[in-house]
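Read the structure below first, then the notes.
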Amino acid sequence: MSTDTAQTGAGTVFPPKPKRSEGQWALGETTPLTPNEKWKAEEGGLAVRERIDAYARGGFASIPGDDLRGRMRWWGLYTQRKPGIHGGRTASLEPHELDDEYFMLRVRTDGGAVDLNQLRTLADLSTRYARDTADVTDRQNIQYHWIRIEDMPEIWSRLGDAGLITTDACGDTPRVILGSPVAGVAADEIIDGTPALLKIRELFVGDEELQNLPRKFKTAISGNPSQDVAHEIHDIAFVGVNHPEHGPGFDLWVGGGLSTNPMLAKRLGAWVPLDEVHEVWHGVIKIFRDYGYRRLRNRARLKFLMADWGPEVFREVLEQEYLGRKLIDGPAPELPAGSRHDHVGVHRQKNGKFYVGITPVVGRVSGTVLAKLADAAEKAGSNRLRFTPQQKIVILDVVASKVPDLLDELEEIGLSARASAFRRGTMACTGIEFCKLAITATKSTATTLVSELENRLADVPELFTLDGPSLSINMNGCPNSCARAQIADIGLKGVQLPNPADPQGETVDGFQIHLGGGLGVHAGFGRKVRGLKSTAADLPDYVERLVRRWIAQRKDDETFAA
Ligand code: SF4
């Protein structure tokens with residue numbers, strides 16, 4: 001036990017108490033310390049749903065501020081950014097000055113799993129209500145834009161008919177659960193985490209007891225040996241591992257997260273069997289609810305509590321106060337054999353069928369494309385698709401004889417399974433097009449970058465083969481790191497830079513560059529090189545030079561981070 005942990009005579013372990021009040025409920029500090037804590041205490045986020053019909057009738061202007069910029073998030077709705085506001089002005093404006101009269105809407109697809117009916121519903125809602133927008137996010141969700149409050153009752157009704165929800169899709173809640181996109185089908189799977197994922201969703205999504213967390217709570221579960229859900233950066237993660245005595249189960253990780261204070265999750269050294277995952281998850285999220293910091297929003301993630309307690313104390317509190325029993329000690333998962341975990345290409349399933357991983361550029365698709373994708377998947381005999389944590393899509397259960405035609409059709413609709421390293425490895429967050437926190441454009445900048453690199457580096461054939469070297473380029477429009485910039489080979493964080501052609505004039509989009517981040521074998525954050533910034537316009541030149549140098553100097557299978 002840690003020396004800064006005290007014990008009572010009854011043997012109860014108390015974690016260390018911070019020097020000042022952090023608003024921890026378990027210590028009796030229940031007075032709300034921030035405006036968010038205040039309105040959450042007055043009325044929970046889910047309550048807003050009862051008022052949606054009235055708002056739909058009254059229109060955008062009828063929605064009061066705490067609902068508009070607060071409770072709506074509990075149902076996956078964010079106000080989107082008013083178009084045309086320069087990134088340099090973002091910080092100087094009040095939140096309401098950035099609000100457009102439209103919303104972003106996230107639909108919750110835990111594990112990224114959808115069937116054909118659900119995919120067609122998502123496609124149809126996009127074309128009817130979202131101006132044909134539909135982004136595959138790195139949280140395995142579909143995110144719409146241009147949603148009007150007037151349409152929400154109908155949208156929820158249609159989603160509900162297809163078994164889809166937006167409950168707890170945003171807000172201080174248990175967010176969508178990441179799962180291996182090839183759970184249950186991968187031939188080399190250690191264990192299928194799907195039953196645990198579904199149980200957590202069934203028991204705890206929308207649970208009134210978990211609607212006022214200090215901030216968001218992100219979960220990942222994967223039994224795939226490639227470790228395909230970025231478990232190190234989640235509040236809680238269950239990673240497939242073989243216990244020498246007990247067999248396949250999960251290694252428990254807690255307290256990871258990126259944003260402005262990135263921290264990797266810590267192993268608690270505990271092995272959790274499949275049928276106990278939901279119980280352990282519940283214990284950990286309740287620790288976050290009860291002991292999590294609520295004094296400052298930017299210190300309210302579980303990682304800050306973990307940084308103060310350490311994994312040893314955290315495990316003791318979990319066992320003694322929340323589970324009432326000891327967890328089984330377990331081994332660390334083996335590090336993945338390579339740096340590939342995106343499932344792009346054609347792969348044999350354990351049942352002899354195939355799954356096909358395809359590559360929308362930076363996750364950007366549309367309702368029109370999703371409808372065509374549904375038709376192509378149906379023709380190939382599939383009724384199951386998964387969105388991936390890399391903003392890609394996997395089609396499951398394709399018989400061998402249908403694969404060639406499917407690949408041709410996918411190519412025609414712009415969803416290649418034979419992608420370049422750039423197309424495959426580039427992710428981008430929402431950026432200034434719709435996000436109120438953004439400083440720069442991302443989706444369009446990253447799309448241009450991918451196509452420029454494909455043209456400029458066409459003379460490097462290994463960058464165009466599926467088993468060639470992998471390269472991750474993650475682009476964020478601000479320091480919040482929704483697209484995981486710190487753990488990319490090349491991480492790009494949006495900044496405004498002087499215009500080289502007019503230094504006294506208006507600033508231009510640019511990026512602070514972080515190099516050499518990664519997860520798995522090379523887990524660590526990219527190095528921020530002082531002064532290493534590029535304007536968006538110069539980015540293709542910079543990345544081309546960098547990639548050429550890396551390819552020229554690379555030995556054997558050396559990765560970028562190595
Ligand atoms: Fe918005 Fe910043 Fe997140 Fe990008 S990283 S989606 S700009 S908050």
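All ligand and atom numbering here is 1-based and tracks the order in the structure. The shown structure was predicted, so the numbers you read here are calculated from the model rather than taken from an experiment.
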Can you find a pair of side-chain heavy atoms, one from Arg106 and one from Arg139, that are under 4.5 Å apart?
no
What orientation do Phe314 and Trp309 show, parallel under 30°, tilted 30 to 60°, or perpendicular over 60°?
tilted
What do you reckon, is NZ of Lys82 surrounded by more than 12 foreign heavy atoms closer than 6.0 Å?
yes
In the structure I gave you, are the side-chain heavy atoms of Thr219 and Ile285 within less than 4.5 Å of one another anywhere?
no
Contact region, Ser481 to ligand 1, non-hydrogen atoms below 4.0 Å, reads backbone
Listed as residue and atom, the protein N/O/S atoms under 2.8 Å from atom 1 (Fe) of ligand 1 are Cys435 SG
In chain order, what residues pass the ring pair (Phe, Tyr, Trp, His ring centres under 6.0 Å) check against Phe434, with sequence neighbours excluded?
His145, Trp146
Restricting to non-hydrogen atoms, name the atom on Phe511 and the atom on Ala441 that form the minimum distance, rounded to 0.1 Å.
CZ-O, 3.7 Å
